[in-house]
Amino acid sequence: MLRLEDVVKRYPAPDGGELTVLEVPRWELGRSERVALVGPSGSGKSTLLHLLCGIVRPSSGSVQLLGERLDRMKESSLDRLRASQVGYVHQSFQLLPGFTALENVLAAAAFGSPLSKRRQRERAAELLADAGLADRLDHLPRQLSQGQQQRVAIARALVNEPSLLLADEPTASLDPETADRVMELLAGSAAASGAALLLCTHDMDLAARMERIVTMKEISARGSAAPMPPERPRAAIG
Ligand code: ADP
Ligand code: MG
């Protein structure tokens, strides 16, 4: 499903140098696997999720999703692949403020769904109902609680039946009880549709509910929260 090989991600540093934030010799995620990704703040979890769906390109190395090399793909093809195959749940929901719950879900369907407009509408309403929001379809994000907004974001991520579901600390701003329901919804939806789920969190209780836990340390030679020293020439890692 997903395969990273020799991936390095560097960013320009304020001092004019470069900062290596990720160094992944090799990492894979299988179809229908449900995995928690844990690591301290700054260890590169978000960067990794962005690489996995092509929002960010690696400085070097290969990122394969469903057999396609994301690192070599044109922007327009990437957009299409991402819209149809990847559901992304952001930590801060990122709902469109002027759109209702239903419209937020439909906006994602408009880009990536092969269904007719009528079927898209039915599916979006079904997903929101499954998320316990049947009576909130026409509410704007600001008229919804945090947990309800996160559930709209999950319905949006699921509307195009993605094969890969990525969730970036999806419960970080929720109380424990709501976090629990949101986790249930995410893991349950992934299991029902056979999607792979990669969820990053620093809550070990939540992580323990996935099939497998991986730490950033295991994945990346650079999984550290400590400030990084200025980049010096180094011997190749391998
Ligand atoms: P996490 O999600 O685990 O908290 P991030 O992936 O957000 O970590 O960040 C990892 C490191 O990469 C941090 O040190 C951060 O400062 C750096 N970083 C992330 N995005 C950028 C960027 N666009 N430009 C420069 N540095 C960045
Ligand atoms: Mg992050």
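One-based numbering, in listed order, for ligands and for the atoms of each. Because the structure is a prediction, the values reported are computed rather than measured.
Around the Mg ion (ligand 2), the protein atoms of type N, O or S found under 2.8 Å away are Ser46 OG, listed by chain and number.
At under 3.5 Å, a nitrogen or oxygen of Gly44, whether backbone or side chain, sits near a nitrogen or oxygen of ligand 1. The shortest N or O to N or O distance between Ser46 and ligand 1 is below 3.5 Å.
Taking the side chain as every heavy atom from C-beta outward, Met204 and Val38 approach each other to under 4.5 Å. Side-chain contact between Thr20 and Val8 is present, with heavy atoms from C-beta onward closer than 4.5 Å.
A pairwise comparison of heavy atoms in Leu197 and Ala187 identifies CD2-CA, 3.9 Å as the closest pair.
Side-chain atoms of Thr178 and Asp175 form a donor-acceptor pair, as typed in the model, at a separation below 3.5 Å. Donor-acceptor pairing under 3.5 Å is lacking for the side chains of Asp71 and Ser62. A donor and an acceptor atom, one from each side chain of Thr201 and Glu169, are nowhere located under 3.5 Å apart.
For ligand 1 and Pro40, the ligand atoms under 4.0 Å from any heavy atom of the residue are 3 (O). Contact atoms of ligand 1 toward Ser41: 4 (O) (distance under 4.0 Å to a heavy atom of the residue).
Results of the side chain to side chain donor-acceptor pair (under 3.5 Å) test with Tyr88 over His50, Gln94, Arg82 single out His50 as the only residue that passes. Applying side chain to side chain contact (heavy atoms under 4.5 Å, CB included) to Val7 and the options Leu52, Leu48, Val24, Ile219 leaves one that passes, Val24. Screening Ile55, Val63, Leu51 for a side chain to side chain contact (heavy atoms under 4.5 Å, CB included) involving Leu70 leaves a single residue, Val63.
For atom 13 (C) of ligand 1, the choice among Gly42, Cys200, Ser43 with the nearest heavy atom turns out to be Gly42.
At a 4.0 Å heavy-atom cut-off, ligand 1 touches Thr47 through backbone and side chain alike.
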